[in-house]
Amino acid sequence: EDSMQAFVRAALAATTALALCAGAPALAQQGNRISITTGGTGGVYYPLGGGMANILSKYVPGMQATAEVTGGSVDNLKLLSAGKSEVGFSMVDAAWDGYKGQGKFKDAAVAARTLMVLYPNRMQIVTVEGSGIGKLSDLKGKRVSTGSPGSGVEVMALRVLEAAGIDPKSDIKQERLGAAESVNAIKDRKIDAFFWVGGVPTAAITDLAATPGTKVKLIDHSEAITAMNAKHGPLYVKGIIPANSYSGQDKPVENIDVWNVLIATDKMSNEMAYQVVKTLMEKKPELVAVHKEAQNIDVKYQALGSPVPWHPGAKKYFEEQGVKFPN
């Protein structure tokens, strides 16, 4: 639990900045095929994972990397554990559950190892003007999507509802949709609100905000943090989504942030972990060109660490870059 405390203390102190890394070409590796599991098509994991796969395939000799669409964090950890993929995106709360063998992983823990700390994921509770929802408690009695099954969104959404005293089975009409599907459902007036945890801006929400006759509204929910951290460990930090992050969103929103990590298992070789991390950090400008959330992938955030132990190969690279790890 000590690493968790250190992780959150550092996360609270962290501020966004841009660091560009340049370095030597990667060492040759032969015949390495790696699958990177991401999330749904409407979020940030998928385009970012595609960018990572392209960079690794292009710059690491002999490596062929592909990005797969999945349900998200929980699915990714299960695929890693089953040996069906080598690298996966995850929110730290889902990764921590996987590593500890708790929650959705109580049947089997995952031998997860952190490759890198990515960017803060922002919880967004999205509705539209005219839904009658202005605050968290207004979700009672409404049709609400809590994220797709197998996603980290669902894990976190259920924790927010629980902290707010809302029972997803009896107090709301629960749907389980990803970002893109939620936006379609809200446009068709099939749901009133949805939970999403992702980068800002998330493409699907940008699309909703641009729909004629629709005014997007994000709901403050930072009041849930204290109860969530008391129950689940210090995983969540308060964030602000600035005004005008989405068209028509005219005031800032107090939300909950949770960091994203790139995860492998203890089966990945130290050499491969080192190469993957080194190449992604050195080619960061190419990742930023794919999605601007990649600006937040920074050497300095690695010391926030992750509740999940570091892969020794990844740790070696960051230590060479001057990162001092708390443990």
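Given the structure is predicted, the values throughout are model-derived calculations rather than measurements.
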(request) I would like to know whether Thr202 and Trp196 meet side chain to side chain donor-acceptor pair (under 3.5 Å); could you show each step before the answer? (result) CA-CA 9 Å; Thr202 284; Trp196 172 247; 2.9 Å; yes

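- When the side chains of ILVMFWY residues are joined at heavy-atom separations under 4.5 Å, either directly or via intervening members, Leu48 and Tyr59 end up in a single hydrophobic cluster.
- Checking side-chain atoms of Ser57 against main-chain N and O of Ala53 turns up a donor-acceptor pair under 3.5 Å.
- Without hydrogens or angle criteria, Asp167 side chain to Lys169 main chain gives a donor-acceptor distance under 3.5 Å.
- In this structure, a donor-acceptor pair under 3.5 Å is absent between the side chains of Asn76 and Tyr45.
- Between the side chains of Glu293 and Asn296, at least one donor-acceptor pair of N or O atoms lies under 3.5 Å.
- Taking the ring axis of Tyr317 as reference, the NZ or CZ atom of Lys278 does not stay both within 45° of it and closer than 6.0 Å to the ring centre.
- In terms of modelled atom types and a separation under 3.5 Å, the side chain of Glu181 and the main chain of Gly178 share a donor-acceptor contact.
- Around OH of Tyr46, the count of heavy atoms belonging to other residues, nucleotides or ligands within 6.0 Å does not exceed 12.
- When every heavy atom of Leu136 is checked against every heavy atom of Ile219, the shortest pair comes out as N-CG2, 3.6 Å.
- Of all the heavy atoms in Gly42 and Ala180, the pair that sits closest is CA-CB, 4.3 Å.
- For Phe318, the ring pair (Phe, Tyr, Trp, His ring centres under 6.0 Å) test picks out Trp310, with sequence neighbours left out.
- Open room surrounds OH on Tyr99; 12 or fewer heavy atoms of other groups in view lie less than 6.0 Å from it.
- A distance of 8.0 Å separates CD1 in Ile297 from CG in Leu262, rounded to the nearest 0.5 Å.
- Of the charged side-chain nitrogens involved, none lies within less than 4.0 Å of a carboxylate oxygen, so that Lys217 and Asp192 do not count as a salt-bridged pair.
- Contact annotation: the side chain of Phe105 approaches that of Lys78 to within less than 4.5 Å [non-hydrogen atoms, C-beta and beyond].
- Put simply, the side chain of Ile263 does not reach to within 4.5 Å of the side chain of Val87, judged on heavy atoms.
- The shortest non-hydrogen separation linking Ser245 to Pro201 is O-CB, 4.1 Å.
- Under the 4.0 Å criterion applied to side-chain N and carboxylate O atoms, Asp97 and Lys106 are not assigned as salt-bridge partners.
- Look at Glu286 and Lys58 and you find a salt bridge, because one of the NZ, NE, NH1 or NH2 atoms lies within 4.0 Å of a carboxylate O, short of that distance.
- Contact annotation: the side chain of Val160 approaches that of Met228 to within less than 4.5 Å [non-hydrogen atoms, C-beta and beyond].
- Atom OH of Tyr236 is separated from atom CG of Asn121 by 11.0 Å, given to the nearest 0.5 angstrom.
- Inter-residue side-chain proximity for Thr265 and Arg113 is flagged as unmet; no heavy-atom pair is nearer than 4.5 Å.
- A salt bridge is defined here as a Lys NZ or Arg NE, NH1 or NH2 lying under 4.0 Å from an Asp or Glu carboxylate O, and Asp220 with Lys251 fails to meet this definition.
- Within the 4.5 Å cutoff, the side chain of Phe89 has heavy atoms near those of the Leu118 side chain.
- Salt bridge Arg143/Glu175: absent, no basic N to carboxylate O contact under 4.0 Å.
- When all heavy atoms are compared, the tightest approach of Asp171 to Gly165 is OD2-O, 3.8 Å.
- No side-chain donor-acceptor contact under 3.5 Å links Ser85 to the backbone of Thr37.
- Linking ILVMFWY side-chain heavy atoms closer than 4.5 Å, directly or via other members, places Val153 and Leu79 in two distinct hydrophobic clusters.
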(message) Pair Trp259, Tyr301 - check ring pair (Phe, Tyr, Trp, His ring centres under 6.0 Å), show working.
(response) CA-CA 10 Å; Trp259 282 77; Tyr301 293 142; 5.0 Å; yes

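- In this structure, Asp298 pairs ionically with Lys300, as a charged nitrogen and a carboxylate oxygen lie closer than 4.0 Å.
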(request) List the steps, then state whether side chain to side chain contact (heavy atoms under 4.5 Å, CB included) holds for Leu161 with Phe195. (result) CA-CA 10 Å; Leu161 289 171; Phe195 283 81; 3.8 Å; yes

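- Ion pairing of Lys104 with Glu154 is present here, as a side-chain N (NZ or NE/NH1/NH2) and a carboxylate O approach within less than 4.0 Å.
- A salt bridge is defined here as a Lys NZ or Arg NE, NH1 or NH2 lying under 4.0 Å from an Asp or Glu carboxylate O, and Asp138 with Lys135 meets this definition.
- In this structure, Phe194 and Ile125 have side chains that are not in contact, with every pair of non-hydrogen atoms separated by 4.5 Å or more.
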(message) For Lys231 and Glu162: C-alpha separation, side-chain torsions, deciding distance, then whether side chain to side chain contact (heavy atoms under 4.5 Å, CB included) applies.
(response) CA-CA 10 Å; Lys231 177 157 184 184; Glu162 179 190 43; 2.7 Å; yes

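- If you take CD on Gln275 and OG on Ser269, they are separated by 9.0 Å, rounding to the nearest 0.5 Å.
- Tracing side-chain contacts under 4.5 Å through hydrophobic residues (I, L, V, M, F, W, Y), one reaches Phe325 starting from Leu115; they form part of the same cluster.
- Ile225 and Met91 fall within the same hydrophobic cluster, where Ile, Leu, Val, Met, Phe, Trp and Tyr residues are linked whenever their side-chain heavy atoms come under 4.5 Å apart, directly or through other members.
- In this structure, Ser151 contributes its side chain and Ser148 its backbone to a donor-acceptor pair below 3.5 Å.
- One side chain, Thr66 or Glu68, offers a donor N or O that lies under 3.5 Å from an acceptor on the other.
- Both Val299 and Tyr119 are part of a single hydrophobic cluster, where members link through side-chain heavy atoms under 4.5 Å apart.
- Residues Thr114 and Ser306 bring a donor and an acceptor atom of their side chains to less than 3.5 Å of each other.
- Using a 4.5 Å heavy-atom cutoff, the side chains of Leu56 and Ile34 are in contact.
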(request) Any chance you could lay out the salt bridge (Lys or Arg N to Asp or Glu O under 4.0 Å) test for Asp75 and Lys84, step after step, and finish with the verdict? (result) CA-CA 11 Å; Asp75 282 358; Lys84 292 193 165 71; over 6 Å; no

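- Across all non-hydrogen atoms, the minimal contact from Ser222 to Asn255 is CB-O, 3.9 Å.
- The side-chain heavy atoms of Thr211 and Lys187, taken from C-beta on, include a pair separated by under 4.5 Å.
- Here the straight-line distance linking atom CZ of Arg176 with atom OG of Ser182 works out to 12.5 Å at 0.5 Å rounding.
- Side-chain N or O atoms of Lys284 include one that pairs as donor or acceptor with a backbone N or O of Gln295 at under 3.5 Å.
- In this structure, the separation between NZ on Lys142 and OG on Ser131 is 7.0 Å, given to the nearest 0.5 Å.
- How far CD1 of Ile191 is from CD of Gln174: 11.5 Å, rounded to the nearest 0.5 Å.
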(message) Under the criterion side chain to side chain contact (heavy atoms under 4.5 Å, CB included), I'd like the reasoning laid out for Ile205 against Gln124: C-alpha separation, chi angles, the key distance, then a yes or no.
(response) CA-CA 9 Å; Ile205 302 170; Gln124 299 161 68; 3.3 Å; yes

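- Heavy atoms only, all atoms of each residue included: Gly40 and Val69 are closest at CA-CG1, 4.3 Å.
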(request) Go through the steps to decide whether Gln302 and Met116 satisfy the test side chain to side chain contact (heavy atoms under 4.5 Å, CB included), and finish with yes or no. (result) CA-CA 7 Å; Gln302 307 310 312; Met116 56 203 300; 3.7 Å; yes

